[in-house]
Amino acid sequence: MAQALGRRQFLVAASGAAVAAALPFRPARATMPDVEFRLTAAPGRVPLVGGGHPDTDVWCYNSRVPGPEIRLKQGERLRVAVENRLEEGTTVHWHGIRVPNAMDGVPFLTQRPIEKGATFVYEFEAPDAGTYWYHPHQNSPEQIGRGLFGPLIVEEREPPKVDRDLTWVLGDFRLLPDASIAGGFENRMEMAMAGRVGNTVTIDGRVPDKFSVRAGERIRLRLINAAAARIFGLEFRGHRPVVIAHDGQPVEPHEPEGGQVVLGPAMRTDLILDMVGEPESRFQIVDSFYRNLAYRLVDIAYTDEAPLARRSRDDLPRLPRNTMPDPDLKTAARHAIMLGGGMMSGMGGGMMGGGDMMGDMMGGGSMGGMMGGGMMGGMMQDGAMWTINGVAAMGHDLKPMITLRRGSTALLAIKNETAWYHPMHMHGHSFRVVAQNGKPTKYREWRDTVLIAPRESADVAFVADNPGDWMIHCHVLDHQEGGMMAVIRVA
Ligand code: C2O
Ligand code: CU
């Protein structure tokens, strides 16, 4: 860093053109960020609910929820100075971006926490286009749960043609009637089940009113699930969204299964949404993931403007592929990853019907009955309730569970032996989801977070080309904090 700053000062002191001409080589790109940001993590107060309700005390970046959108072009270099004005240490993780290990923002593993009053400068190139986000990696259930998260968009060098490129950061808060955030983070009972699911869903930090669109327009909608625990299953009534990317990575354009766009915590999906309704018509976007608890997220409200010419479904944009090497399964070394722990994991899978568990819980099903004695399946010491390969991780300073030779291909066979959903995230790499429940996937989609249903499995493959110690963990933040994380070393 000192070196980088030195070079930069030099360039500022001399005239840029003269320097470029005089030097035998162009200055290393590494010394000059293309985009610079300053993020200040601090308490703030924002109108989450609106409509005459009081503002909400939050923790946030630059006084807003979500934090400012960081936007750059593929291949550009980003420098972000993060100042901590919280009462506790923090870090920033650049979720999904293949950064050098020292920039990954994992406290005690890749850096020391940024203490109160201190500033840490992150700097890296964005090798791949896509929809990403940033958030703390310390005391995550509370820091993210109180509003510390923001979008990070890396544009393609030639972005596909659309009328609007929109980002929705989906949030989920547990609010009291006065719109303040309920305390009681890391409640043990919740931690051992679905995690802290809130009662107030926000789009870009506001309880949404309506989504205004013009008839005929084609929208690229980038969805980011920044919730601590909530899984979304979005249906766009009257419309047929087409998925073009998962977790920032291009995928063969396709309509989502059953018309429902499913996003576990930390997952992103880019959609092409052709606005096929008539002027002044209205449609609902419904979140029906937890079947007994479907609710209207927001209305699509068509303006009275004259329709734009309809776009043809034959001319759906295709995103250019990103830069990660394709894993060759023939040479892949297989590693089993078993997810264990939590409530009721000792029971047979028969009674767990997809999202119904959550619905039963929140809809006032028989909690007592489900939580009778002995259901914690070997419940452990101090907050440790979730495991990877039998080990509950306490804190981030972990010995590697698996070591991969740099450049080798790994296949992680992840088996969820619990009664709960787990969105499993790997740092430093994107992987291809090559099989689900032993069956090859249709799209072999690239992702950095894969949602695994109770008792199900996913095989993911990647080339371990980014050296360092990388987290693999569940992105239900209560599960992560409760032990469901591990380190994979690439050396
Ligand atoms: Cu989005 Cu380890 O994090
Ligand atoms: Cu989990």
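Since the structure is predicted, the reported quantities are computational estimates derived from the model, not experimental observations. Whatever order the structure lists them in is the order used to number ligands and atoms, beginning at 1.
Of all protein N/O/S atoms, those lying under 2.8 Å from the Cu ion (ligand 2) come to 3. The number of protein N/O/S atoms found under 2.8 Å from atom 2 (Cu) of ligand 1 is 3.
Under the 30°/60° scheme for interplanar angles, the aromatic rings of His254 and Tyr443 are found to lie parallel.
Qualifying ring-ring contact (aromatic ring centres under 6.0 Å, His included) partners for Trp59, counting only residues two or more places apart in sequence or in other chains: none. Taking the ring-ring contact (aromatic ring centres under 6.0 Å, His included) definition, one finds that Tyr132 meets it with nothing, sequence neighbours left out.
Under the salt bridge (Lys or Arg N to Asp or Glu O under 4.0 Å) test applied with Asp128, the options Arg157, Lys73, Arg98 reduce to a single match, Arg98. Among the candidates Gln143, His93, His427, His95, the single residue satisfying the side chain to side chain donor-acceptor pair (under 3.5 Å) test with His137 is His427.
In Arg406, the CZ atom is not crowded: 12 or fewer heavy atoms of neighbouring residues, nucleotides or ligands sit closer than 6.0 Å. Atom CZ of Arg405 has 12 or fewer heavy atoms from other residues, nucleotides or ligands within 6.0 Å.
Salt-bridge formation is detected for the pair Arg85/Glu83: a Lys NZ or Arg NE/NH1/NH2 atom is positioned less than 4.0 Å from an Asp or Glu carboxylate oxygen.
Judged by the 6.0 Å distance and 45° axis criteria, Arg196 is positioned over the aromatic ring of Phe185.
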